[in-house]
Amino acid sequence: WRARAAVRMRVTREGERILRVTATNAGAEAIDGVVARVVLPPGARTAAGSVPLLPAPDGQARVQLPRIPAGATRSVTLLLR
């Protein structure tokens, strides 16, 4: 849990149908298995992602991020429909 606490998440909108999820590992060790939960805009659903989508309730998206080395940043994109 300590390693996950060092991960900072940010979601930005890039156009009408694309969300970018950016995670930065501020910790001293690499971390695997980070899952981002994103609350989607009203009425939106995910159509695809740059990584596989995990099951999520309506109005949300969940994605497992790739390994994040210490001090590194990783981004994934979500395509909305």
Side-chain angles (χ1 to χ4, degrees):
W1 65 268
R2 284 185 178 192
R4 285 192 311 267
V7 176
R8 303 290 177 247
M9 300 288 220
R10 182 179 53 162
V11 178
T12 54
R13 194 160 193 164
E14 297 183 355
E16 189 174 319
R17 296 182 53 214
I18 298 174
L19 297 178
R20 180 172 301 280
V21 180
T22 303
T24 300
N25 179 1
E29 297 180 15
I31 185 168
D32 292 300
V34 173
V35 174
R37 181 181 63 92
V38 179
V39 176
L40 301 174
R45 304 191 102 186
T46 49
S50 60
V51 295
L53 300 173
L54 301 173
D58 287 344
Q60 297 181 17
R62 291 178 61 236
V63 293
Q64 184 166 350
L65 301 170
R67 178 181 182 88
I68 309 171
T73 298
R74 294 287 182 260
S75 292
V76 298
T77 56
L78 299 174
L79 177 63
L80 304 178
R81 57 176 159 170

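With rounding to the nearest 0.5 Å, the separation of CG in L80 from CZ in R45 is 11.5 Å. Interatomic distance, CZ of R17 versus CG of L79, reported as 4.5 Å (0.5 Å rounding). The structure places OG1 of T46 at 6.5 Å from CZ of R81, a figure rounded to the nearest 0.5 Å.
Residues V39 and V11 do not share a hydrophobic cluster, defined by chaining ILVMFWY side chains whose heavy atoms lie under 4.5 Å apart. Residues L40 and M9 share a hydrophobic cluster, clusters being chains of Ile/Leu/Val/Met/Phe/Trp/Tyr side chains in contact below 4.5 Å. Linking Ile, Leu, Val, Met, Phe, Trp and Tyr whenever their side-chain heavy atoms come within less than 4.5 Å puts L53 and L65 in one cluster.
The neighbour count for E14 CD, taken as heavy atoms of other residues, nucleotides or ligands under 6.0 Å away, is above 12. Atom CD of Q60 is surrounded by more than 12 heavy atoms from other residues, nucleotides or ligands within 6.0 Å.
Of all heavy-atom pairs between A6 and G27, the closest is CB-N, 3.5 Å. The minimum heavy-atom distance linking R74 with R67 is given by the pair NE-O, 3.3 Å. Nearest heavy atoms, V21 versus L78: CG2-CD1, 4.2 Å.
Checked by atom type and distance alone, the side chain of R8 pairs as donor or acceptor with a backbone atom of A5 at under 3.5 Å. Counting only distance, with no hydrogens or angles, the side chain of S50 and the backbone of V76 share no donor-acceptor pair below 3.5 Å. Of the possible donor and acceptor atoms, none in the side chain of R62 sits under 3.5 Å from a partner among the backbone N and O of R37.
With sequence neighbours excluded, no residue forms a salt bridge (charged side-chain N to carboxylate O under 4.0 Å, His left out) with R10.
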